[in-house]
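Heads up, the thing below is written out as structure tokens.
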4 protein chains.
Amino acid sequence: MPKLGMEAVRRRQLIEATIDTIHEVGFAASSLQAIARRAGVSPGLVAHYFDDKNGLLEATLRALFDDLTRDTVARLRAARTPRARVDAVIEANLSPRQFDPRLAKVWLAFWAQAMHVPSLARIQRIYQRRMLDNLSHALRGLLPAHRARELAHGVSGLIDGLWLRATLGGGQPDSAAARRLLRDYLDAHLERETADA
Amino acid sequence: MPKLGMEAVRRRQLIEATIDTIHEVGFAASSLQAIARRAGVSPGLVAHYFDDKNGLLEATLRALFDDLTRDTVARLRAARTPRARVDAVIEANLSPRQFDPRLAKVWLAFWAQAMHVPSLARIQRIYQRRMLDNLSHALRGLLPAHRARELAHGVSGLIDGLWLRATLGGGQPDSAAARRLLRDYLDAHLERETADA
Amino acid sequence: MPKLGMEAVRRRQLIEATIDTIHEVGFAASSLQAIARRAGVSPGLVAHYFDDKNGLLEATLRALFDDLTRDTVARLRAARTPRARVDAVIEANLSPRQFDPRLAKVWLAFWAQAMHVPSLARIQRIYQRRMLDNLSHALRGLLPAHRARELAHGVSGLIDGLWLRATLGGGQPDSAAARRLLRDYLDAHLERETADA
Amino acid sequence: MPKLGMEAVRRRQLIEATIDTIHEVGFAASSLQAIARRAGVSPGLVAHYFDDKNGLLEATLRALFDDLTRDTVARLRAARTPRARVDAVIEANLSPRQFDPRLAKVWLAFWAQAMHVPSLARIQRIYQRRMLDNLSHALRGLLPAHRARELAHGVSGLIDGLWLRATLGGGQPDSAAARRLLRDYLDAHLERETADA
DNA sequence: TATGAATGAGGATTCATTCAT
DNA sequence: AATGAATGAATCCTCATTCAT
């Protein structure tokens, strides 16, 4: 059975199984055995590819994160105006994909765990920082620096909060409603700033 | 020589120990033995007062929740205008107490766990629903019903999001900054609605 | 089932089971499960009384050591002359009990292990040092200090070597033969020293 | 591109890695993967050359043993008198090489293990028997047969005991001191036997 | 010849829970 | 009311071994 180049396949397989398992039984009940069974491999194989359970968890969070990053980067690259760049960040983070319970529950489980596992905390901080920076930078095309920074905090807070409530609450508000609320939020604040000037 | 009122004392003792333990080692590593040791009682005692581990966890979340509810109710009772009632909800949910890592981390751990434990999910849904209702109701004094509902979603999302980012991110933004952002958010939207009229 | 004061009983029970297990299957194959099964208790109980496997092993070696120490002390106390004190040490260390394969194999397994486990190495060093000191001290009643020290090295070496060969070799020489060889060794050297003078 | 004579190289490589590993982490912790890693080969290769772990261990002990045998034979061949032959055996078994911790610890680990592994026990018995025979034979040139046999037991016991204490005890007595003690032992006993006659 | 993939059993340990006292 | 003894299942992980390439 041992074919060459299995590594990439097996890693992907195990990461997907980890996501599915956490989704179904929760973080605390996600044992290596359960994950391996779902992936259709023996539990010992995890050590072969990820050293230990923590290695697998870290790789899984990183995979989620990289996926979101790729989406964000693609949307940013296509945006031509400051406002379009702000919208790009919002669209990426509140896309239907991010509201898919399979992924959303896993993200949340990792956020809770990150507070006690350094390797996860590192990834989490990068996520948080990057969203803020992307928004700040885009908003600086529309507002003075300190106002841009402040509004970036508001936007990222609203993004995460709406996503959190949807994830916890069983779908309300959904992706579309969340994006609408964010557009409103932006419109209200940008109009106001303009009026001030 | 059973002392009177021992029950309340012991229950409080164990709930506090649960909070401290989750705060320090995380949800997954919070064993009954660890909690009992911290409370200075034997592990068997948990069964006596809470049936089993889940009972203790549920009681702990409920204690956190009741505390927040009491604070909210008190502030609402003191409010005299619709806007003051909205502010009361915001103040309660973004008070420095809610930013205390000892409590915040535990809340978050419970939110993540709630998705897989019905008894916790029930409390979580009540929390989410109640905040929305309180805000909706207050805002209906200022806006048409459907706009009030929508703004309530925004406000509660922003509350939870700012709190989440602060909890995960090590204190930024803090309680005061979060409340300022919410006041801004309200001002911007209420001005706009008024201008529309 | 849980009676008070079980601790001493259980500890003894588990230590005896450890000795029997190492005797029968060797150190490397002595799993906690095997030991617990032989003691008639569940594997989890080991943690209750000895923290972990190492704690049990350490307690076992210490029990062997204390037993030998008690025997040695009793014999030394009864000895009235320097030569009698030397003989006491020899008798204790080469008594039939020390040639009992059940104990001898376990001692040897521990000596081998001690080189890699600090907690065992400490006990081993005390054993080695104490035999040497007891012999040196007794011989100083018969010889000048530096000769006493040297002869003590020879006697303790011969004690351990004869015991080792008997343990490894299936009984040859036995306790009686070993003690005879040591008497000869002492006689030859003491005569010689006296003749020198 | 299979190189010629690869077999001997690989076998030697693996045996050396086994010795180093046992020396560093002890017998119980010496896994095949650890040994293979140190040898710079894959774990599967062990099966190729030694069938299984036990085969590798047996080959390692045999290598140690053959080395000692070669040294002993060479010294015996050079000896011209009975006493010189006795000294040859002592010199070989108490040479500085035998006090090198790298080898000494491994010998001891094997002795302990031999009591439970027949293939090792066989080698161990040959070692023990051969030393005794070599000494007996040489001493029969100086003493009556039954006295020669008895003294041979003493000498071999003292050899093993001094070596054991040095190995366990961190260097005391060392090779030179041990050989001196054995010379003394022989002198004292031979003088005495001669005087008796 | 040699590798790396893969297994599955077995290791120590921890855990929630139960129960006699 | 409260304890400490005890269990047995489940945890993660490591191991010797096998096999296709």
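Throughout, a chain's letter reflects where its sequence line sits, starting with A, and its residues are numbered from 1.
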Does [X] have a side-chain nitrogen or oxygen under 4.0 Å from the phosphate oxygens OP1 or OP2 of [N]?
X: D/R10; N: E/dT1; result: no
X: C/S31; N: E/dG11; result: yes
X: A/H48; N: E/dA5; result: yes
X: C/Y49; N: F/dA6; result: yes

- Message: Against C/R38, only a single residue in C/E16, C/Q33, C/E24 fulfils side-chain hydrogen bond (donor to acceptor under 3.5 Å, both in side chains); can you say which?
- Response: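 Of the listed options, the one satisfying the test is C/E24.
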- Message: Between the base of F/dA10 and the side chain of A/Q33, is one N or O donor paired with an acceptor at under 3.5 angstrom?
- Response: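 Result: no qualifying N/O pair found.
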Rounded to whole Å, how long is the line connecting atom [atom1] of [X] with atom [atom2] of [N]?
X: D/I35; N: F/dT17; atom1: CD1; atom2: P; value: 11 Å
X: D/L45; N: F/dT18; atom1: CG; atom2: C1'; value: 14 Å
X: D/R37; N: F/dT14; atom1: CZ; atom2: P; value: 10 Å
X: D/F27; N: F/dC15; atom1: CZ; atom2: C1'; value: 14 Å
X: A/K53; N: F/dT11; atom1: NZ; atom2: P; value: 8 Å
X: C/M6; N: F/dT7; atom1: CE; atom2: P; value: 9 Å
X: C/Q13; N: F/dA5; atom1: CD; atom2: P; value: 14 Å
X: B/L56; N: E/dT17; atom1: CG; atom2: P; value: 10 Å

- Message: Using Watson-Crick or G-U wobble geometry with both distances under 3.5 Å, which nucleotide pairs with E/dT21?
- Response: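 Answer to the pairing question: F/dA2, which forms a Watson-Crick or G-U pair with E/dT21.
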- Task: May I ask which nucleotide in the shown strands pairs with F/dC13, Watson-Crick or G-U wobble, both distances under 3.5 Å?
- Result: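 Paired with E/dG10.
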- If you find the nucleotide of DNA chain E closest to B/A29 and the one closest to A/V41, which residue's nucleotide is nearer the 5' end?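 It is A/V41, whose closest nucleotide lies nearer the 5' terminus.
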- Taking for each residue the nucleotide of DNA chain E bearing the nearest heavy atom, is the 5' side occupied by A/G40 or by B/G44?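 Nearer the 5' end of the strand: A/G40.
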- Message: Classify the ring geometry of C/Y127 against C/F65: parallel below 30°, tilted from 30° to 60°, perpendicular beyond 60°.
- Response: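 Perpendicular, since the angle between the ring planes exceeds 60°.
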- Find the distance between CD (D/Q124) and CH2 (D/W107) and round it off to the nearest 0.5 Å.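 Between atom CD of D/Q124 and atom CH2 of D/W107 there are 9.5 Å.
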Looking at the side chain of [X], which of [options] is the nearest nucleotide?
X: A/S42; options: F/dG8, F/dT3, E/dG8; value: E/dG8
X: A/A47; options: F/dA6, F/dA2, F/dT14; value: F/dT14
X: B/L32; options: E/dT13, E/dT17, F/dA2; value: E/dT17
X: D/P43; options: F/dA2, F/dC13, F/dT17; value: F/dT17

- Message: Is the distance from the ring center of C/F27 to that of D/F27 below 6.0 Å?
- Response: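 C/F27 vs D/F27: aromatic centres not under 6.0 Å.
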- For B/R62 and B/I123, indicate whether the former's side chain and the latter's backbone hold a donor-acceptor pair under 3.5 Å.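 Looks like no, no N/O pair under 3.5 Å.
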- Query: Is the side chain of B/R11 donor-acceptor paired with the backbone N or O of B/Y49 at a distance under 3.5 Å, no angle test?
  - Reply: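 Looks like yes, one N/O pair under 3.5 Å.
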